[in-house]
There are 2 protein chains.
Amino acid sequence: MADTPATVISIASIKAACRSCTLKELCLPLGLDEADINALDRLIRRRQTLKKGQTLYRLGDSLRALYAIRQGSMKTTGLMEDGRVQVTGFHLPGELLGIDAINTDQHPCSAEALETTEICEIPYHALEDLALKVPGLQHQLLRIMSREIARDQQMLMTLGRMAAEERVASCLLSFSQRHARLGRDGAHFKLSMSRQDLGDYLGLALETVSRLLSRLQEEGLIEVSGRHITIRNVHALKSLGGGGEMDRSASG
Amino acid sequence: MADTPATVISIASIKAACRSCTLKELCLPLGLDEADINALDRLIRRRQTLKKGQTLYRLGDSLRALYAIRQGSMKTTGLMEDGRVQVTGFHLPGELLGIDAINTDQHPCSAEALETTEICEIPYHALEDLALKVPGLQHQLLRIMSREIARDQQMLMTLGRMAAEERVASCLLSFSQRHARLGRDGAHFKLSMSRQDLGDYLGLALETVSRLLSRLQEEGLIEVSGRHITIRNVHALKSLGGGGEMDRSASG
DNA sequence: CGAATAGTTGAGCCTGGTCAACAAGAGTGG
DNA sequence: CCACTCTTGTTGACCAGGCTCAACTATTCG
(Lines give C-alpha, C1' and ligand atoms only; values in the text may rest on other atoms or scores of the structure.)
Protein backbone atom coordinates (compact mmCIF):
# COMPACT_ATOMS: atom_id res chain seq x y z
CA MET A 1 0.00 0.00 0.00
CA ALA A 2 3.06 2.21 0.31
CA ASP A 3 3.97 1.83 -3.32
CA THR A 4 2.07 4.79 -4.75
CA PRO A 5 2.72 7.66 -2.40
CA ALA A 6 2.86 10.21 -5.20
CA THR A 7 -0.62 9.29 -6.32
CA VAL A 8 -1.93 9.41 -2.81
CA ILE A 9 -0.50 12.85 -2.23
CA SER A 10 -1.77 14.06 -5.53
CA ILE A 11 -5.31 12.86 -4.83
CA ALA A 12 -5.23 14.45 -1.42
CA SER A 13 -4.06 17.76 -2.76
CA ILE A 14 -6.65 17.77 -5.52
CA LYS A 15 -9.34 17.10 -2.98
CA ALA A 16 -8.21 20.01 -0.91
CA ALA A 17 -7.43 22.37 -3.77
CA CYS A 18 -9.23 25.68 -3.88
CA ARG A 19 -9.95 25.33 -7.59
CA SER A 20 -12.02 22.23 -7.03
CA CYS A 21 -13.56 23.37 -3.78
CA THR A 22 -17.30 23.88 -3.81
CA LEU A 23 -16.84 26.79 -1.43
CA LYS A 24 -14.55 28.86 -3.58
CA GLU A 25 -17.27 31.36 -4.41
CA LEU A 26 -17.77 32.01 -0.70
CA CYS A 27 -14.17 32.05 0.36
CA LEU A 28 -10.87 33.72 -0.43
CA PRO A 29 -10.73 32.58 -4.09
CA LEU A 30 -13.82 34.59 -5.00
CA GLY A 31 -13.10 36.76 -8.02
CA LEU A 32 -9.72 35.21 -8.77
CA ASP A 33 -8.89 33.65 -12.11
CA GLU A 34 -7.49 30.14 -12.55
CA ALA A 35 -3.83 31.20 -12.37
CA ASP A 36 -4.32 33.24 -9.21
CA ILE A 37 -6.28 30.47 -7.53
CA ASN A 38 -3.40 28.14 -8.27
CA ALA A 39 -0.97 30.58 -6.66
CA LEU A 40 -3.21 30.72 -3.60
CA ASP A 41 -3.44 26.95 -3.62
CA ARG A 42 0.29 26.53 -3.45
CA LEU A 43 0.37 28.47 -0.24
CA ILE A 44 -2.44 26.72 1.57
CA ARG A 45 -1.43 24.06 3.97
CA ARG A 46 -3.58 21.02 3.69
CA ARG A 47 -6.58 20.14 5.66
CA GLN A 48 -6.72 19.58 9.33
CA THR A 49 -9.64 17.93 11.07
CA LEU A 50 -10.82 19.02 14.49
CA LYS A 51 -13.14 17.01 16.67
CA LYS A 52 -15.91 18.55 18.69
CA GLY A 53 -14.46 20.62 21.49
CA GLN A 54 -10.95 20.87 20.04
CA THR A 55 -9.50 24.34 19.70
CA LEU A 56 -7.93 25.73 16.56
CA TYR A 57 -6.22 28.50 18.48
CA ARG A 58 -6.54 30.06 21.88
CA LEU A 59 -6.70 33.59 23.17
CA GLY A 60 -3.14 34.92 23.27
CA ASP A 61 -1.71 32.49 20.70
CA SER A 62 0.44 34.23 18.16
CA LEU A 63 -0.88 34.59 14.64
CA ARG A 64 0.61 32.08 12.25
CA ALA A 65 -2.19 31.50 9.81
CA LEU A 66 -5.72 32.32 8.87
CA TYR A 67 -8.12 29.41 8.68
CA ALA A 68 -10.92 28.68 6.27
CA ILE A 69 -13.65 26.28 7.28
CA ARG A 70 -14.32 23.54 4.72
CA GLN A 71 -16.88 21.60 6.64
CA GLY A 72 -18.40 21.67 10.09
CA SER A 73 -18.71 24.70 12.34
CA MET A 74 -16.77 26.64 14.93
CA LYS A 75 -17.35 29.21 17.61
CA THR A 76 -15.02 32.01 18.63
CA THR A 77 -15.12 33.16 22.21
CA GLY A 78 -13.77 36.06 24.17
CA LEU A 79 -13.20 35.82 27.89
CA MET A 80 -13.38 38.19 30.84
CA GLU A 81 -11.07 37.91 33.85
CA ASP A 82 -13.86 36.65 36.03
CA GLY A 83 -14.72 33.90 33.57
CA ARG A 84 -17.69 35.43 31.81
CA VAL A 85 -17.78 34.30 28.21
CA GLN A 86 -18.89 36.09 25.08
CA VAL A 87 -19.26 34.08 21.91
CA THR A 88 -18.12 36.53 19.23
CA GLY A 89 -19.22 34.39 16.33
CA PHE A 90 -20.44 31.10 14.95
CA HIS A 91 -18.63 30.15 11.78
CA LEU A 92 -19.78 27.98 8.89
CA PRO A 93 -18.00 26.56 5.83
CA GLY A 94 -16.44 29.16 3.56
CA GLU A 95 -15.75 31.55 6.40
CA LEU A 96 -12.33 32.84 7.38
CA LEU A 97 -11.08 32.75 10.96
CA GLY A 98 -8.24 34.60 12.61
CA ILE A 99 -8.46 37.97 10.89
CA ASP A 100 -8.93 39.69 14.22
CA ALA A 101 -5.37 38.70 15.14
CA ILE A 102 -3.64 40.71 12.40
CA ASN A 103 -3.55 43.88 14.46
CA THR A 104 -1.41 42.59 17.29
CA ASP A 105 -0.17 39.29 15.82
CA GLN A 106 -1.99 37.62 18.67
CA HIS A 107 -5.42 36.03 18.67
CA PRO A 108 -7.78 38.06 20.85
CA CYS A 109 -10.20 35.13 21.09
CA SER A 110 -10.26 31.34 21.04
CA ALA A 111 -11.71 29.20 18.27
CA GLU A 112 -13.32 25.86 19.08
CA ALA A 113 -14.97 23.24 16.89
CA LEU A 114 -18.66 22.69 17.57
CA GLU A 115 -18.60 19.38 15.70
CA THR A 116 -16.11 17.49 13.57
CA THR A 117 -14.70 20.25 11.42
CA GLU A 118 -12.29 20.46 8.49
CA ILE A 119 -10.00 23.44 8.17
CA CYS A 120 -7.66 24.86 5.54
CA GLU A 121 -4.67 26.63 6.99
CA ILE A 122 -3.38 29.72 5.18
CA PRO A 123 -0.02 30.97 6.48
CA TYR A 124 -0.65 34.63 7.06
CA HIS A 125 2.56 36.30 6.03
CA ALA A 126 2.67 34.38 2.78
CA LEU A 127 -0.92 35.43 2.15
CA GLU A 128 -0.08 39.07 2.68
CA ASP A 129 2.84 38.74 0.27
CA LEU A 130 0.68 37.08 -2.34
CA ALA A 131 -1.99 39.76 -1.90
CA LEU A 132 0.58 42.31 -3.06
CA LYS A 133 0.97 40.45 -6.32
CA VAL A 134 -2.63 39.51 -6.89
CA PRO A 135 -4.90 42.57 -6.83
CA GLY A 136 -8.02 40.44 -6.74
CA LEU A 137 -6.77 38.68 -3.65
CA GLN A 138 -5.98 41.90 -1.83
CA HIS A 139 -9.42 43.16 -2.69
CA GLN A 140 -11.11 39.99 -1.52
CA LEU A 141 -9.17 40.02 1.73
CA LEU A 142 -10.16 43.62 2.39
CA ARG A 143 -13.73 42.77 1.52
CA ILE A 144 -13.87 39.84 3.88
CA MET A 145 -12.47 41.97 6.68
CA SER A 146 -14.88 44.75 5.90
CA ARG A 147 -17.76 42.27 5.93
CA GLU A 148 -16.69 41.06 9.32
CA ILE A 149 -16.73 44.63 10.61
CA ALA A 150 -20.19 45.24 9.19
CA ARG A 151 -21.44 41.96 10.69
CA ASP A 152 -20.01 42.74 14.09
CA GLN A 153 -21.60 46.16 14.01
CA GLN A 154 -24.92 44.60 13.10
CA MET A 155 -24.40 42.35 16.10
CA LEU A 156 -23.76 45.43 18.25
CA MET A 157 -27.23 46.58 17.30
CA THR A 158 -28.63 43.16 18.12
CA LEU A 159 -27.07 43.19 21.58
CA GLY A 160 -27.54 46.88 22.27
CA ARG A 161 -31.03 47.52 21.02
CA MET A 162 -32.98 44.31 20.47
CA ALA A 163 -35.18 42.59 23.02
CA ALA A 164 -34.40 38.97 23.82
CA GLU A 165 -37.06 37.52 21.52
CA GLU A 166 -35.85 39.69 18.65
CA ARG A 167 -32.28 38.54 19.23
CA VAL A 168 -33.24 34.90 19.04
CA ALA A 169 -35.32 35.48 15.90
CA SER A 170 -32.48 37.41 14.29
CA CYS A 171 -30.03 34.65 15.10
CA LEU A 172 -32.24 31.94 13.63
CA LEU A 173 -32.71 33.97 10.47
CA SER A 174 -28.99 34.41 10.16
CA PHE A 175 -28.42 30.67 10.41
CA SER A 176 -31.20 30.05 7.93
CA GLN A 177 -29.72 32.45 5.39
CA ARG A 178 -26.21 31.15 5.79
CA HIS A 179 -27.36 27.55 5.42
CA ALA A 180 -29.25 28.48 2.29
CA ARG A 181 -26.16 30.12 0.85
CA LEU A 182 -24.31 26.86 1.35
CA GLY A 183 -26.90 25.21 -0.84
CA ARG A 184 -28.69 23.57 2.07
CA ASP A 185 -32.27 23.86 3.15
CA GLY A 186 -32.66 27.23 4.82
CA ALA A 187 -35.96 26.22 6.38
CA HIS A 188 -34.66 23.23 8.26
CA PHE A 189 -31.34 22.87 10.00
CA LYS A 190 -29.62 21.49 13.04
CA LEU A 191 -27.92 23.82 15.48
CA SER A 192 -24.42 22.67 16.27
CA MET A 193 -24.16 24.71 19.46
CA SER A 194 -25.74 24.42 22.88
CA ARG A 195 -28.30 26.76 24.43
CA GLN A 196 -25.48 28.01 26.61
CA ASP A 197 -23.45 28.95 23.52
CA LEU A 198 -26.45 30.70 22.00
CA GLY A 199 -26.96 32.60 25.23
CA ASP A 200 -23.29 33.58 25.36
CA TYR A 201 -23.62 34.83 21.80
CA LEU A 202 -26.87 36.73 22.28
CA GLY A 203 -26.12 38.16 25.71
CA LEU A 204 -28.87 36.07 27.33
CA ALA A 205 -29.10 33.37 29.95
CA LEU A 206 -29.41 29.88 28.54
CA GLU A 207 -32.82 29.52 30.19
CA THR A 208 -34.01 32.61 28.37
CA VAL A 209 -32.89 31.15 25.04
CA SER A 210 -34.74 27.94 25.81
CA ARG A 211 -37.89 29.78 26.87
CA LEU A 212 -37.86 31.99 23.80
CA LEU A 213 -37.39 29.09 21.41
CA SER A 214 -40.44 27.58 23.09
CA ARG A 215 -42.34 30.83 22.78
CA LEU A 216 -41.47 31.22 19.10
CA GLN A 217 -42.75 27.69 18.63
CA GLU A 218 -46.00 28.45 20.47
CA GLU A 219 -46.39 31.51 18.27
CA GLY A 220 -46.06 29.23 15.24
CA LEU A 221 -42.95 30.89 13.83
CA ILE A 222 -40.68 27.90 14.20
CA GLU A 223 -40.64 24.29 15.22
CA VAL A 224 -38.07 23.16 17.75
CA SER A 225 -36.99 19.67 18.56
CA GLY A 226 -33.83 19.84 20.57
CA ARG A 227 -31.28 21.25 18.19
CA HIS A 228 -33.42 20.74 15.12
CA ILE A 229 -35.04 23.93 13.93
CA THR A 230 -37.71 24.32 11.27
CA ILE A 231 -38.65 27.79 10.12
CA ARG A 232 -42.42 27.98 9.74
CA ASN A 233 -42.99 31.67 9.16
CA VAL A 234 -39.99 33.53 7.81
CA HIS A 235 -41.93 36.73 7.36
CA ALA A 236 -43.05 36.97 10.97
CA LEU A 237 -39.55 36.03 12.05
CA LYS A 238 -38.12 38.84 9.96
CA SER A 239 -40.53 41.38 11.36
CA LEU A 240 -39.16 40.41 14.76
CA GLY A 241 -35.49 40.00 13.97
CA GLY A 242 -35.04 42.79 11.48
CA GLY A 243 -34.14 40.61 8.52
CA GLY A 244 -31.49 38.64 10.34
CA GLU A 245 -27.92 39.68 10.33
CA MET A 246 -27.71 41.73 7.24
CA ASP A 247 -25.21 39.89 5.16
CA ARG A 248 -24.72 41.77 2.00
CA SER A 249 -21.89 39.49 1.49
CA ALA A 250 -19.12 38.66 -0.88
CA SER A 251 -21.50 37.64 -3.62
CA GLY A 252 -23.23 41.06 -3.64
CA MET B 1 -5.21 89.18 -1.75
CA ALA B 2 -5.61 87.01 -4.81
CA ASP B 3 -2.13 87.69 -6.06
CA THR B 4 -0.32 84.74 -4.45
CA PRO B 5 -2.56 81.76 -5.03
CA ALA B 6 0.36 79.39 -5.55
CA THR B 7 1.78 80.22 -2.15
CA VAL B 8 -1.60 79.88 -0.50
CA ILE B 9 -2.15 76.45 -2.01
CA SER B 10 1.31 75.37 -1.06
CA ILE B 11 0.88 76.38 2.56
CA ALA B 12 -2.46 74.66 2.70
CA SER B 13 -1.08 71.45 1.31
CA ILE B 14 1.87 71.45 3.69
CA LYS B 15 -0.47 71.93 6.58
CA ALA B 16 -2.55 69.00 5.49
CA ALA B 17 0.32 66.76 4.46
CA CYS B 18 0.65 63.39 6.15
CA ARG B 19 4.39 63.85 6.58
CA SER B 20 3.91 66.88 8.78
CA CYS B 21 0.83 65.59 10.55
CA THR B 22 1.17 64.98 14.25
CA LEU B 23 -1.17 62.03 13.89
CA LYS B 24 0.83 60.07 11.38
CA GLU B 25 1.94 57.53 13.96
CA LEU B 26 -1.70 56.77 14.75
CA CYS B 27 -3.05 56.80 11.24
CA LEU B 28 -2.48 55.22 7.85
CA PRO B 29 1.12 56.47 7.45
CA LEU B 30 2.35 54.40 10.40
CA GLY B 31 5.33 52.33 9.36
CA LEU B 32 5.76 53.99 5.97
CA ASP B 33 8.98 55.66 4.92
CA GLU B 34 9.22 59.22 3.59
CA ALA B 35 8.78 58.24 -0.06
CA ASP B 36 5.73 56.10 0.62
CA ILE B 37 4.15 58.78 2.77
CA ASN B 38 4.59 61.20 -0.09
CA ALA B 39 2.86 58.78 -2.45
CA LEU B 40 -0.01 58.50 0.03
CA ASP B 41 -0.06 62.26 0.36
CA ARG B 42 -0.55 62.76 -3.34
CA LEU B 43 -3.69 60.74 -3.21
CA ILE B 44 -5.32 62.38 -0.22
CA ARG B 45 -7.86 65.01 -0.97
CA ARG B 46 -7.48 67.99 1.23
CA ARG B 47 -9.21 68.75 4.42
CA GLN B 48 -12.86 69.20 4.87
CA THR B 49 -14.40 70.74 7.95
CA LEU B 50 -17.70 69.53 9.38
CA LYS B 51 -19.73 71.40 11.91
CA LYS B 52 -21.46 69.72 14.80
CA GLY B 53 -24.34 67.62 13.53
CA GLN B 54 -23.16 67.52 9.89
CA THR B 55 -22.86 64.11 8.33
CA LEU B 56 -19.81 62.86 6.48
CA TYR B 57 -21.81 60.07 4.86
CA ARG B 58 -25.13 58.41 5.39
CA LEU B 59 -26.31 54.85 5.56
CA GLY B 60 -26.68 53.62 2.00
CA ASP B 61 -24.29 56.14 0.43
CA SER B 62 -21.90 54.51 -1.97
CA LEU B 63 -18.28 54.22 -0.94
CA ARG B 64 -16.07 56.82 -2.54
CA ALA B 65 -13.43 57.40 0.06
CA LEU B 66 -12.19 56.51 3.50
CA TYR B 67 -11.88 59.36 5.95
CA ALA B 68 -9.27 60.09 8.57
CA ILE B 69 -10.11 62.38 11.45
CA ARG B 70 -7.58 65.17 11.98
CA GLN B 71 -9.33 66.99 14.74
CA GLY B 72 -12.64 66.80 16.53
CA SER B 73 -14.79 63.72 16.92
CA MET B 74 -17.48 61.76 15.14
CA LYS B 75 -20.03 59.10 15.86
CA THR B 76 -21.17 56.34 13.54
CA THR B 77 -24.71 55.09 13.89
CA GLY B 78 -26.71 52.16 12.62
CA LEU B 79 -30.46 52.33 12.33
CA MET B 80 -33.32 49.87 12.66
CA GLU B 81 -36.50 50.13 10.61
CA ASP B 82 -38.50 51.26 13.62
CA GLY B 83 -36.05 54.05 14.34
CA ARG B 84 -34.03 52.48 17.12
CA VAL B 85 -30.45 53.71 16.97
CA GLN B 86 -27.19 51.97 17.78
CA VAL B 87 -24.06 54.06 17.97
CA THR B 88 -21.42 51.72 16.54
CA GLY B 89 -18.49 53.90 17.47
CA PHE B 90 -17.11 57.20 18.67
CA HIS B 91 -14.11 58.29 16.66
CA LEU B 92 -11.19 60.50 17.63
CA PRO B 93 -8.31 62.04 15.67
CA GLY B 94 -6.11 59.54 13.85
CA GLU B 95 -8.94 57.08 13.31
CA LEU B 96 -10.16 55.87 9.96
CA LEU B 97 -13.83 55.90 8.98
CA GLY B 98 -15.66 54.08 6.23
CA ILE B 99 -13.84 50.75 6.22
CA ASP B 100 -17.09 48.94 6.92
CA ALA B 101 -18.29 49.99 3.47
CA ILE B 102 -15.67 48.10 1.47
CA ASN B 103 -17.64 44.87 1.48
CA THR B 104 -20.66 46.13 -0.40
CA ASP B 105 -19.37 49.50 -1.67
CA GLN B 106 -22.11 51.06 0.42
CA HIS B 107 -21.89 52.58 3.86
CA PRO B 108 -23.82 50.42 6.35
CA CYS B 109 -23.95 53.28 8.85
CA SER B 110 -23.98 57.07 9.02
CA ALA B 111 -21.14 59.22 10.30
CA GLU B 112 -21.91 62.49 12.06
CA ALA B 113 -19.67 65.12 13.59
CA LEU B 114 -20.06 65.57 17.35
CA GLU B 115 -18.28 68.93 17.23
CA THR B 116 -16.40 70.94 14.63
CA THR B 117 -14.30 68.27 12.97
CA GLU B 118 -11.57 68.20 10.34
CA ILE B 119 -11.36 65.29 7.96
CA CYS B 120 -8.89 64.00 5.36
CA GLU B 121 -10.53 62.26 2.45
CA ILE B 122 -8.76 59.25 0.92
CA PRO B 123 -10.29 58.07 -2.35
CA TYR B 124 -10.75 54.38 -1.78
CA HIS B 125 -9.93 52.82 -5.11
CA ALA B 126 -6.75 54.82 -5.42
CA LEU B 127 -5.80 53.72 -1.94
CA GLU B 128 -6.32 50.07 -2.82
CA ASP B 129 -4.16 50.53 -5.91
CA LEU B 130 -1.43 52.20 -3.91
CA ALA B 131 -1.59 49.45 -1.30
CA LEU B 132 -0.58 46.98 -4.01
CA LYS B 133 2.59 48.94 -4.62
CA VAL B 134 3.43 49.81 -1.05
CA PRO B 135 3.64 46.69 1.15
CA GLY B 136 3.73 48.75 4.33
CA LEU B 137 0.52 50.46 3.36
CA GLN B 138 -1.29 47.21 2.65
CA HIS B 139 -0.12 45.90 5.97
CA GLN B 140 -1.21 49.00 7.84
CA LEU B 141 -4.61 48.93 6.15
CA LEU B 142 -5.11 45.29 7.11
CA ARG B 143 -3.97 46.07 10.62
CA ILE B 144 -6.39 48.93 11.01
CA MET B 145 -9.25 46.78 9.80
CA SER B 146 -8.20 43.95 12.07
CA ARG B 147 -8.05 46.35 14.99
CA GLU B 148 -11.56 47.51 14.23
CA ILE B 149 -12.77 43.90 14.28
CA ALA B 150 -11.04 43.25 17.61
CA ARG B 151 -12.53 46.45 19.04
CA ASP B 152 -16.01 45.62 17.87
CA GLN B 153 -15.72 42.15 19.36
CA GLN B 154 -14.59 43.65 22.63
CA MET B 155 -17.68 45.83 22.42
CA LEU B 156 -19.79 42.71 21.88
CA MET B 157 -18.54 41.50 25.22
CA THR B 158 -19.34 44.86 26.77
CA LEU B 159 -22.90 44.77 25.49
CA GLY B 160 -23.47 41.07 25.91
CA ARG B 161 -21.94 40.36 29.28
CA MET B 162 -21.32 43.53 31.27
CA ALA B 163 -23.73 45.13 33.69
CA ALA B 164 -24.68 48.74 33.09
CA GLU B 165 -22.22 50.19 35.59
CA GLU B 166 -19.40 48.14 34.09
CA ARG B 167 -20.27 49.36 30.60
CA VAL B 168 -20.10 52.98 31.66
CA ALA B 169 -16.80 52.41 33.48
CA SER B 170 -15.35 50.60 30.46
CA CYS B 171 -16.42 53.40 28.16
CA LEU B 172 -14.85 56.09 30.33
CA LEU B 173 -11.60 54.14 30.49
CA SER B 174 -11.58 53.79 26.75
CA PHE B 175 -11.96 57.54 26.30
CA SER B 176 -9.29 58.16 28.88
CA GLN B 177 -6.81 55.85 27.15
CA ARG B 178 -7.52 57.24 23.71
CA HIS B 179 -7.14 60.81 24.94
CA ALA B 180 -3.85 59.92 26.56
CA ARG B 181 -2.62 58.39 23.31
CA LEU B 182 -3.35 61.70 21.60
CA GLY B 183 -1.00 63.33 24.05
CA ARG B 184 -3.79 64.85 26.10
CA ASP B 185 -4.58 64.44 29.76
CA GLY B 186 -6.15 61.01 30.18
CA ALA B 187 -7.46 61.89 33.62
CA HIS B 188 -9.52 64.88 32.57
CA PHE B 189 -11.49 65.27 29.38
CA LYS B 190 -14.70 66.60 27.94
CA LEU B 191 -17.20 64.25 26.39
CA SER B 192 -18.30 65.48 22.99
CA MET B 193 -21.45 63.37 22.93
CA SER B 194 -24.75 63.53 24.77
CA ARG B 195 -26.04 61.08 27.37
CA GLN B 196 -28.40 59.86 24.68
CA ASP B 197 -25.45 59.05 22.40
CA LEU B 198 -23.67 57.25 25.23
CA GLY B 199 -26.81 55.27 25.92
CA ASP B 200 -27.20 54.39 22.26
CA TYR B 201 -23.59 53.22 22.29
CA LEU B 202 -23.77 51.22 25.50
CA GLY B 203 -27.21 49.73 24.99
CA LEU B 204 -28.66 51.71 27.87
CA ALA B 205 -31.34 54.33 28.40
CA LEU B 206 -29.98 57.85 28.70
CA GLU B 207 -31.38 58.07 32.23
CA THR B 208 -29.38 55.00 33.20
CA VAL B 209 -26.19 56.58 31.88
CA SER B 210 -26.90 59.72 33.87
CA ARG B 211 -27.66 57.77 37.04
CA LEU B 212 -24.54 55.65 36.71
CA LEU B 213 -22.28 58.62 36.15
CA SER B 214 -23.75 60.03 39.35
CA ARG B 215 -23.22 56.73 41.13
CA LEU B 216 -19.59 56.45 39.99
CA GLN B 217 -19.11 59.96 41.30
CA GLU B 218 -20.68 59.06 44.67
CA GLU B 219 -18.38 56.07 44.81
CA GLY B 220 -15.44 58.42 44.32
CA LEU B 221 -14.24 56.87 41.06
CA ILE B 222 -14.84 59.91 38.89
CA GLU B 223 -15.96 63.50 39.02
CA VAL B 224 -18.69 64.61 36.68
CA SER B 225 -19.68 68.10 35.76
CA GLY B 226 -21.92 67.97 32.77
CA ARG B 227 -19.70 66.70 30.00
CA HIS B 228 -16.49 67.22 31.92
CA ILE B 229 -15.12 64.01 33.37
CA THR B 230 -12.25 63.63 35.80
CA ILE B 231 -10.94 60.17 36.55
CA ARG B 232 -10.28 59.92 40.29
CA ASN B 233 -9.56 56.22 40.71
CA VAL B 234 -8.40 54.46 37.57
CA HIS B 235 -7.73 51.22 39.37
CA ALA B 236 -11.22 50.86 40.76
CA LEU B 237 -12.61 51.85 37.38
CA LYS B 238 -10.57 49.14 35.71
CA SER B 239 -11.70 46.52 38.16
CA LEU B 240 -15.23 47.45 37.08
CA GLY B 241 -14.76 47.96 33.38
CA GLY B 242 -12.21 45.26 32.66
CA GLY B 243 -9.42 47.53 31.52
CA GLY B 244 -11.48 49.51 29.07
CA GLU B 245 -11.69 48.57 25.47
CA MET B 246 -8.59 46.58 24.93
CA ASP B 247 -6.77 48.58 22.40
CA ARG B 248 -3.56 46.84 21.66
CA SER B 249 -3.41 49.19 18.80
CA ALA B 250 -1.35 50.13 15.82
CA SER B 251 1.59 51.18 17.93
CA GLY B 252 1.93 47.72 19.52
C1' DC C 1 -33.17 87.11 28.14
C1' DG C 2 -36.22 83.55 26.72
C1' DA C 3 -36.70 79.18 24.43
C1' DA C 4 -35.07 74.95 23.43
C1' DT C 5 -32.09 71.33 24.42
C1' DA C 6 -29.59 68.43 27.63
C1' DG C 7 -29.15 66.38 32.09
C1' DT C 8 -30.80 64.72 36.76
C1' DT C 9 -33.62 62.35 39.81
C1' DG C 10 -37.74 59.76 41.47
C1' DA C 11 -41.58 56.12 41.27
C1' DG C 12 -43.24 52.09 39.51
C1' DC C 13 -43.12 48.37 36.32
C1' DC C 14 -41.44 44.66 33.40
C1' DT C 15 -38.05 41.92 31.07
C1' DG C 16 -34.91 38.82 31.71
C1' DG C 17 -31.65 36.77 35.35
C1' DT C 18 -31.09 33.36 39.15
C1' DC C 19 -32.01 29.30 41.53
C1' DA C 20 -34.05 24.96 41.47
C1' DA C 21 -36.36 20.77 40.06
C1' DC C 22 -37.17 17.81 36.56
C1' DA C 23 -36.96 15.64 31.77
C1' DA C 24 -34.73 14.14 27.85
C1' DG C 25 -30.70 12.81 25.18
C1' DA C 26 -26.07 11.19 24.48
C1' DG C 27 -22.25 8.52 25.56
C1' DT C 28 -20.28 4.35 27.87
C1' DG C 29 -19.61 -0.12 29.44
C1' DG C 30 -21.42 -4.53 30.72
C1' DC D 1 -29.06 -4.01 23.53
C1' DC D 2 -29.98 -2.06 27.71
C1' DA D 3 -28.80 0.25 32.08
C1' DC D 4 -26.45 3.89 34.11
C1' DT D 5 -24.46 8.31 34.20
C1' DC D 6 -23.53 12.77 32.63
C1' DT D 7 -24.71 16.42 29.98
C1' DT D 8 -28.12 19.28 27.87
C1' DG D 9 -32.54 21.25 27.73
C1' DT D 10 -37.16 22.74 29.79
C1' DT D 11 -40.05 24.90 32.90
C1' DG D 12 -41.47 27.31 37.21
C1' DA D 13 -41.03 30.77 41.02
C1' DC D 14 -39.07 34.66 42.45
C1' DC D 15 -36.16 38.72 42.24
C1' DA D 16 -33.77 42.79 40.61
C1' DG D 17 -31.50 45.67 37.17
C1' DG D 18 -32.60 48.76 34.17
C1' DC D 19 -36.53 50.93 31.37
C1' DT D 20 -40.44 54.13 31.09
C1' DC D 21 -42.81 58.03 32.34
C1' DA D 22 -42.63 62.27 34.55
C1' DA D 23 -41.17 66.42 36.86
C1' DC D 24 -37.68 69.43 37.54
C1' DT D 25 -33.03 71.81 36.80
C1' DA D 26 -29.11 73.36 34.22
C1' DT D 27 -27.06 74.58 29.83
C1' DT D 28 -26.72 76.27 25.45
C1' DC D 29 -28.02 79.01 21.77
C1' DG D 30 -30.41 82.44 19.21
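The figures that follow rest on heavy atoms only: side chains count, while hydrogens, waters and symmetry mates do not. Residue numbering restarts at 1 for every chain, and letters A, B, ... go by the order of the sequence lines.
Ranking D:dC29, C:dG7, D:dG9 by closeness to the A:Ser194 side chain, first place goes to D:dG9. For A:Ala163, the listed nucleotide lying nearest its side chain is C:dG16; candidates were C:dT18, C:dG16, D:dT10.
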B:Arg84 and A:Glu166: salt bridge (charged side-chain N to carboxylate O under 4.0 Å, His left out), yes or no, with the steps? CA-CA 13 Å; B:Arg84 278 178 281 181; A:Glu166 297 173 311; 2.7 Å; yes
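For A:Leu213 and C:dG16, the CG to C1' distance is 15 Å, given to the nearest whole Å. The distance between atom CZ of A:Arg195 and atom P of D:dT11, rounded to the nearest whole Å, is 10 Å. Nucleotide C:dG27 holds its P atom 13 Å from the CD atom of A:Glu115, rounded to whole Å. The separation between B:Leu206 atom CG and D:dA22 atom P is 15 Å, rounded to whole Å. The nearest whole Å value for the distance from the CG atom in B:Asp197 to the C1' atom in C:dT5 is 13 Å. Remark: C1' of C:dC19 and CD of A:Glu207 are 8 Å apart, rounded to the nearest angstrom. Rounding to whole angstrom units, CZ of residue B:Arg167 and C1' of D:dG18 are separated by 10 Å. In this structure, CG of B:Leu191 is placed 13 Å from P of D:dT28, rounded to the nearest angstrom.
Panel note: side chain B:Arg45, backbone B:Cys120; no donor-acceptor pair is recorded below 3.5 Å. Side chain of B:Arg58 to backbone of B:Ala111: no donor-acceptor contact under 3.5 angstrom is found. Side-chain atoms of B:Thr88 come within 3.5 Å of backbone atoms of B:Thr76 as a donor-acceptor pair (strictly under, hydrogens ignored).
In this structure, B:Phe175 and B:Phe90 have tilted ring planes: the angle between them lies in the 30° to 60° band. Note: B:His107 and B:Tyr67 have tilted aromatic rings, judged against thresholds of 30 and 60 degrees for the angle between ring planes.
At a threshold of 4.0 angstrom between heavy atoms, the contacts of A:Leu204 are confined to the sugar-phosphate backbone, with no base atom among them. Nucleic acid contact class of B:Gly199 (heavy atoms, under 4.0 Å, all strands): none.
Mapping A:Arg161 and A:Gln196 onto DNA chain D by nearest heavy atom places A:Gln196 at the nucleotide closer to the 5' end.
For the OP1/OP2 pair of C:dG17 and a distance below 4.0 Å, the side-chain nitrogens and oxygens of A:Thr208 include at least one atom meeting the criterion. One finds no side-chain N or O of B:Ser210 lying less than 4.0 angstrom from the OP1 or OP2 phosphate oxygen of C:dA6.
A donor and an acceptor atom never sit less than 3.5 Å apart when one is taken from the side chain of A:Arg211 and the other from the base of D:dG9.
Summary of helix geometry: the two end axes of the helix from C:dC1-D:dG30 to C:dG30-D:dC1, each defined by five base pairs via their C1' atoms, are inclined to each other by 50° (rounded to 10°).
In this structure, B:Leu96 CG and B:Leu26 CG are separated by 12.0 Å, a value rounded to the nearest 0.5 Å.
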